[in-house]
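What follows is a single structure, written as structure tokens, with notes after it.
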Amino acid sequence: TKYTVGDYLAERLAQIGIRHHFVVPGDYNLVLLDKLQANPNLTEVGCANELNCSLAAEGYARANGVSACVVTFSVGALSAFNGTGSAYAENLPLILISGSPNTNDASQFHLLHHTLGTTDYSYQLEMAEKITCCAVAITRAHEAPRLIDRAIRRALLARKPCYIEIPTNLSGAECVHPGPISAVTDPVTSDKAALEAAANCAAEYLSGKLKPVILIGPKLRRAGDGAEEALVKLAEAMGCAVAVQPAAKGMFPEDHKQFVGIFWGTVSTGAADSIVHWADALLCVGTVFTDYSTVGWTAMPDIPLMEAEMDHVTFPGAHFSRVRVGEFLSHLTTQVTYNSTTMIEYNRLKPDPVLVHTAAPDDELTRKEISRQIQALLDSKTALFVETGDSWFNGVQLKLPPGAQFEIEMAWGHIGWSIPAAFGYALRHPDRKTIVMVGDGSFQVTAQEVSQMVRFNLPITIILINNRGYTIEVEIHDGSYNKIKNWNYALLMHAFNGEDGNAKGLSAKTAGELQAAVKVASENTQGPTLIECSIDQDDCSRELITWGHFVAAANARPPRLPGA
Ligand SMILES: Cc1ncc(Cn2nnc(CCOP(=O)(O)OP(=O)(O)O)c2C)c(N)n1
Ligand SMILES: [Mg+2]
């Protein structure tokens, strides 16, 4: 049988380590889906809609390093653009693949279904160019190898999504076999001279400093090439305090003696806030300072920073390109001297362990009791997803045991992300215990993907915190629009079971009911278990309320230019 463009793409996806590709079929991509299905290394995963499909691929990329989402033209791609945006903001190489019109249609001025009703179908590629690091449209079969390899390589190197558009009549067109995959995957290593110079500059930046601190951001993990392990070694060589930004929770072991907490301004944990502000040198690695991570710009470090990014390092007065963070951290480890001043200070400042009250079984369920019971669930196998909402704050406060993974989407912040993303993640990591903390409002956005968890018999535990509405929004700025229609969430799981599912839906209004439901969930190994936890709508974290005030103030800043 002839080797085709679709076969070429399938082989490249398999060669870069993809084992599941997420799809919604449409007549512009059906031949392509057949070709992908024909590759023995790929398992097709159908999703209920393209928003969820792209968010499932985003979650899969967190687990696998790279992912693929295959949709139909326009009606499919425009929804998938949302998960693609998430992958861009969260630094994940999601490969968005869209079917497109037959190559003969444009020159025949044909009006087509699934388009805007004009004869110009180029709008999708143009939109994709804005939200990916590389967008290609294959117009002739012999171009496919060059364009497919270029897009995939760019995405892998930049840790950003890419876009590949394939006309419906080209997926089955004749194509050559791919060349060595190393041409696509070979990493760009640091320039030796720049690496040396950057490490010397860092040693200079640190020399004479009494109180250096390391601050880790979410791009540390995204950098790959052993950056997380290299960071631990550097920290141990320096002996200094290590704080992490909220979106980097879990990227440094929280049981490590040098971990001082989550640096999140006034809503920080441990002694991170005071230690970071006490430092006289701050090594920022993979940090992202946004309005949300700086609590409306109130939590910015107040000294000149050294910032190590995925492929460059900057200092006050210096910049070094083509320095890969993993190699840089390892190289710097050989140059630093041990100085435990900041850890001595931390041991003076660290807060006493908080005595967590255990509710009596008949006590009405509270946010604190939910957190206490989730904390007891966490172990080395856990992958905890926390959704936009008060779940961010409750999740960030939990202590991660060694090996536990934490996933949050704090840059893009699309409510509902956690359900499809946890589904995609769990497909790649069936060995992990995936737990989702999600609010009622967020759950309503992408609830359909629970049915895929049922279909694939994934034992995901969904802790749905029902506080009757959009509480995070209430704390930023309240209005009638923050009210939502309540669902019978537990009953919904029966609907998703259809005639053969193993999902369980439980509701808990007291501490005892939650305890019992958690036991049922841990025993349900054949499907997802949703536990609807009803709490008072005003039962939200102090951190959310404080953070909400500062974010609202940042949003309300008057136009700066006079007369603007
Ligand atoms: C796609 C999308 N649309 C709207 C928003 C704004 N938003 N952010 N958080 C919310 C409400 C979240 O409510 P819940 O999930 O119930 O969480 P809680 O804050 O715990 O009640 C909205 C409506 C958003 N973050 N993402
Ligand atoms: Mg809510």
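No experiment lies behind these values; they were computed from the predicted model shown. Atom set for the values below is all heavy atoms of this structure, side chains included, hydrogens, waters and symmetry mates excluded. We count ligands from 1, going down the list as the structure has it; atoms in each ligand are counted the same way.
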Practice problem: Please work out which of the three classes, parallel, tilted or perpendicular, describes the rings of Trp392 and Tyr292, given edges at 30° and 60°. | Solution: perpendicular

Quiz prompt | Nearest heavy atoms of Val454 and Phe496, plus distance in Å | solution = CG1-O, 4.0 Å

Quiz item: So which protein residues pack against ligand 1 under 4.0 Å, heavy atoms counted?
Solution: Thr388, Gly389, Asp390, Gly413, His414, Ile415, Gly439, Asp440, Gly441, Ser442, Asn467, Gly469, Tyr470, Thr471, Ile472, Glu473

Quiz item: At the Mg ion (ligand 2), what's the angle from Asp440 OD1 to Gly469 O, rounded to 10 degrees?
Solution: 100°

Quiz item: If you measure from CG on Leu514 to CZ on Arg372, what distance do you get to the nearest 0.5 Å?
Solution: 9.0 Å

Quiz item: Has Asn467 got an N, O or S atom lying less than 2.8 Å from the Mg ion (ligand 2)?
Solution: yes

Quiz item: Any luck finding a side-chain donor-acceptor pair between Ser541 and Asp390 under 3.5 Å?
Solution: yes

Self-check item: Distance-only polar pair, side chains of Glu58 and Trp417, donor-acceptor under 3.5 Å
Solution: yes

Quiz item: Under 6.0 Å between ring centres, would you say that holds for Phe263 and His277?
Solution: yes

Quiz prompt | Value rounded to 0.5 Å, distance of CE in Met493 from NZ in Lys504 | solution = 10.5 Å

